[in-house]
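See structure below.
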Amino acid sequence: MKRERSGAKSPAETPMMTQYLRAKAEHPGAILLFRMGDFYETFLEDAHVLARETGIALTSRNPKDADPIPLAGFPWHSAEGHIAKLLRAGHRVAICEQVEEPGAGKKLLERKVIEVLSPGTTLGDTLLEASSNNYMAALRRDGDRFGLAAADVSTGEFRVGDLSADEAAEELSRLAPSELLLSSAESEELEPWLRAIDLARAPFRTLLDPWRFGRERSERAWLEHLRVASLEPFECDDLGPGLGAAGALLEYVREQKQSDLGHVRGLTRVRPDEGLIVDDSTLRSLEVLEPMPGASRESTLVAVLDETRTAGGGRYLRQALRRPLTDRGKIEARQQAAAILQGPAGRDVLRSALSETSDLERILARLHCGKSLPRDLGALRGTLRVLPNIVALISAASEATEALPRLEPHLRPQLAERLDAALVDTPPASLADGGLFRDSWDPELAEVRSLARDAKGWIARLQEEERQRTGIPGLKVGFNRVFGYFIEVSQSQLPKVPERYQRKQTLAGAERFLTPELKEFEEKVLRAEETQIRRERLLFDQLCDEVRAETGALQAIARVLAELDFLQSLAEVAARHAWIRPELHDDLRLEIRDGRHPVVETAVGRDRFVPNDLELDGEAQQLVVLTGPNMAGKSTYLRQVGLLVLLAQIGSFVPAAEAKIGLVDRIFTRVGAQDALARGQSTFLVEMIETSRILHHAGRRSLVLLDEVGRGTSTYDGLAIAWAVTEALARPDGPRPRTIFATHFHELTRLAETSRGVINRNVQVKEWGDRVIFLHKIVDGGADRSYGIHVASLAGVPEAVVKRAQEVLTQLERGAARDLGAEDHATSAARGGASPTEPSPPAGARQLSLFAPPEPRFLDELRRIDPNAVSPLEALSLLHRWRAELDREG
Ligand code: ADP
């Protein structure tokens with residue numbers, strides 16, 4: 001491999017460095033990769049960054065110079081991995097290529113930035129995960145409206161909406177974009193808002209001039225791009241700031257990719273009120289897509305649920321999980337499809353046919369961004385070939401033709417035939433190797449190829465002739481890359497070499513020669529090779545054009561395949577685990593019999609998992625206070641309910657004996673504060689922020705799952721907060737969302753006596769001497785204590801400590817009971833015999849005195865003492881007396 005170096009002139013002034021600095025100045029803020037021969041090089045500050053981020057050695061371009069220029073680089077063939085590292089570390093990367101062929105002479109080659117890469121626009125396989133989307137978003141604010149546009153460049157999907165601040169935050173959290181475009185005029189004011197959104201990872205920010213977000217300019221850009229007279233068919237004509245964001249995003253991506261983005265064929269309007277809203281924090285608490293920090297991938301729902309066979313199907317499934325449905329008709333259609341596909345045809349034959357298809361969306365994206373490879377066309381042909389089998393399979397099940405998406409309208413048999421006729425059976429990895437097309441595809445190509453192929457025979461003939469003519473039996477005609485063709489004669493035979501041989505090279509035991517005839521042949525062969533490669537490139541471009549012309553149909557095929565794959569995955573999982581089809585209702589009831597946690601069940605084994613029931617109706621059974629010791633299974637149950645509702649509303653079957661699901665419009669969870677520390681916020685603060693969000697936003701149709709709210713602070717604070725939150729959720733004049741509140745504060749069970757709709761359940765445990773056995777069964781009624789001490793003993797806390805804890809607990813409980821009795825009396829007197837359904841007055845001071853421990857008697861004396869007025873001796877004797885009093889009370 002060749003690494004170009006320039007002469008000894010002062011480096012900063014070489015024409016090449018001038019060229020470099022000019023390119024660099026045009027792309028401020030990007031690491032510029034400067035192509036030199038077989039290498040991409042970086043200089044100056046960029047070289048330091050590259051060395052730091054990728055571990056490549058830092059050298060210098062002119063080590064002997066007084067003022068050396070730092071240099072770091074890597075060979076072109078390893079570019080993808082290095083670029084991925086730079087992007088992941090949050091850099092933008094500009095690729096500056098040589099745009100003319102190196103010729104003879106030392107002329108400076110022309111170079112141009114042909115592409116700028118950023119996390120949102122990459123198409124490299126190293127950075128993209130096949131079964132996840134990679135979104136890039138743009139945001140523009142207009143008063144209290146937030147225009148949000150998002151694109152997945154790697155699939156051509158483009159969506160846009162005008163949203164409220166909350167809706168925009170939810171949509172951003174759902175899309176988890178890797179890059180975000182903002183107007184430089186707005187970024188400062190939007191930053192605090194952005195930072196408050198619960199995002200798994202902060203997107204890379206790109207600031208653009210405000211005029212690029214202009215609505216009219218954007219509308220023009222989109223009308224031109226889609227070649228339409230109005231955006232009405234896309235339901236986007238009435239968009240406000242969203243359109244500005246969509247325009248800025250379209251133009252930005254086009255510039256970055258230097259592509260017309262022909263694979264972006266539409267604009268989808270985001271309607272915030274559609275579907276079941278599951279925010280990012282709920283997705284994380286329920287471990288839907290990502291495991292908790294430190295847990296394995298197997299602990300996620302998607303690990304159990306992903307039986308897709310294609311990357312597109314994988315993306316479809318993940319999107320479905322991020323936005324389940326609320327439209328009963330649509331959910332039931334998916335259920336029906338999943339039921340049909342559970343038949344043997346659906347499961348085995350369809351699955352294996354789908355496995356043979358390729359990721360058409362990403363193939364098309366590469367095709368439109370000039371990144372296509374021969375194997376992409378091969379993969380497309382392979383996919384088109386299987387489609388007829390899939391069509392036949394689906395029409396074989398007559399009922400299926402109604403319930404399943406249709407492929408027939410999009411089939412393109414002619415394109416499949418063209419590709420078949422053109423491409424060899426196994427296309428080469430790169431065009432530079434040649435050999436992509438069949439001889440029969442193009443006569444001109446066949447002719448140049450035969451010339452190249454004939455070279456071998458011609459050489460053998462020439463060798464034979466020359467041996468005869470010269471009488472040198474060991475004479476050889478050979479070829480090497482540096483010297484081209486030659487005739488080789490060993491030392492001992494040299495006297496026989498004829499005049500017409502021209503000496504070319506001397507080896508240890510032999511000499512190499514040229515003849516005019518050989519020279520002429522060589523030129524012809526090399527020309528033929530070049531012509532062949534040029535011809536293939538031309539044919540390749542033509543064929544790519546033909547494919548591009550079918551973009552719409554191919555994208556439709558990709559969508560149908562992805563949906564089919566998703567539906568077959570639902571069917572496969574349902575059949576494999578014997579899940580049942582849940583009944584969906586428009587009322588508020590949630591009834592589950594023998595429900596199981598899909599993931600924990602897989603982990604502990606079906607026969608060891610204890611199934612549990614649930615009944616909620618938003619009225620008499622509105623809020624379950626779930627008590628029970630730690631480790632009893634409260635969190636598992638809580639998550640199980642959330643997951644079952646989520647599964648039901650993506651159209652999946654569920655692990656239960658029976659399930660009636662009154663549709664939910666939003667799931668709220670407050671489960672643990674796993675990753676709060678990583679984000680530098682106090683656990684308790686995060687807990688309270690989430691709780692406050694729930695209290696503000698939960699509605700009648702919501703499902704609220706709260707686990708141990710109030711745990712992150714001191715016991716009495718925590719209990720007071722838990723009490724007040726529960727009361728607020730059960731207020732008769734409030735939205736009264738269906739709620740499960742799991743807590744180890746067994747005191748909360750008293751709320752059932754005063755708040756209508758609050759019911760107690762607890763996780764059964766069996767006591768065995770001074771130990772407890774967890775039965776994991778949810779039963780009626782509340783737990784009467786927390787069993788925390790039992791768990792401490794289980795965990796091997798020394799016996800003396802456990803015993804002491806038991807003593808302290810007894811004391812505390814005695815005191816609390818005394819106070820609670822007095823307080824109950826006082827409260828009911830104050831209420832003047834009000835009905836028990838009336839909400840209790842706000843917590844506050846009352847709660848504190850409710851559960852405050854009895855005050856030791858000596859405290860009063862202590863308060864009255866002036867420490868400056870007592871002698872050390874008096875102090876010591878006081879201390880002795882108090883201690884004696886305490887021991888007596890003990
Ligand atoms: P809690 O929230 O009450 O502290 P968890 O829900 O974390 O308890 O459950 C503790 C352990 O008990 C879990 O690790 C789980 O494996 C097991 N477990 C929970 N529920 C069940 C169940 N229904 N059947 C079998 N094992 C269960």
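The shown structure was predicted, so the numbers you read here are calculated from the model rather than taken from an experiment. Counting starts at 1 for both ligands and their atoms, in listed order.
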| request: Establish whether atom 6 (O) of ligand 1 and some protein heavy atom are separated by less than 4.0 angstrom. | output: yes

Test item: side-chain donor near acceptor, [X] and [Y], under 3.5 Å:
X	Y	result
Gln640	Arg596	no
Ser173	Asp279	no
Glu287	Thr300	no

| Option set Ala742, Ala603, Gly633, Ser635, criterion heavy-atom distance to atom 2 (O) of ligand 1, minimum |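 The residue whose heavy atom sits nearest atom 2 (O) of ligand 1 is Ser635.
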
| query | Of the listed options (Arg596, His776, Lys634), which comes nearest to atom 25 (C) of ligand 1 when hydrogens are ignored and any heavy atom counts? | reply |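 Residue with the shortest heavy-atom distance to the ligand atom: His776.
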
| query | Is ligand 1 less than 4.0 angstrom away from at least one heavy atom of Pro611? | reply | no

Starting from [atom], find the nearest protein heavy-atom neighbour and note its residue, name and distance.
atom	answer
atom 23 (N) of ligand 1	Val610 O, 2.9 Å
atom 13 (C) of ligand 1	Thr636 OG1, 4.3 Å
atom 10 (C) of ligand 1	Met631 O, 3.5 Å

| Nearest heavy atoms of Leu705 and Leu638, plus distance in Å |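 Shortest heavy-atom contact: CD1-O, 3.5 Å.
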
| request: Please report the shortest heavy-atom distance between Gln336 and Arg581, naming the atom on each side. | output: N-NH2, 4.0 Å

| said: Below 4.0 Å, non-hydrogen atoms only: which portion of His597 touches ligand 1? Side chain, backbone, both or neither. | reply: neither

| said: With nothing but distance in play, are any N or O atoms of Ala632 less than 3.5 Å from an N or O of ligand 1? | reply: yes

| query | Atoms of ligand 1 less than 4.0 Å from Pro629 heavy atoms? | reply |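 Checking each atom against Pro629, I get 3 (O).
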
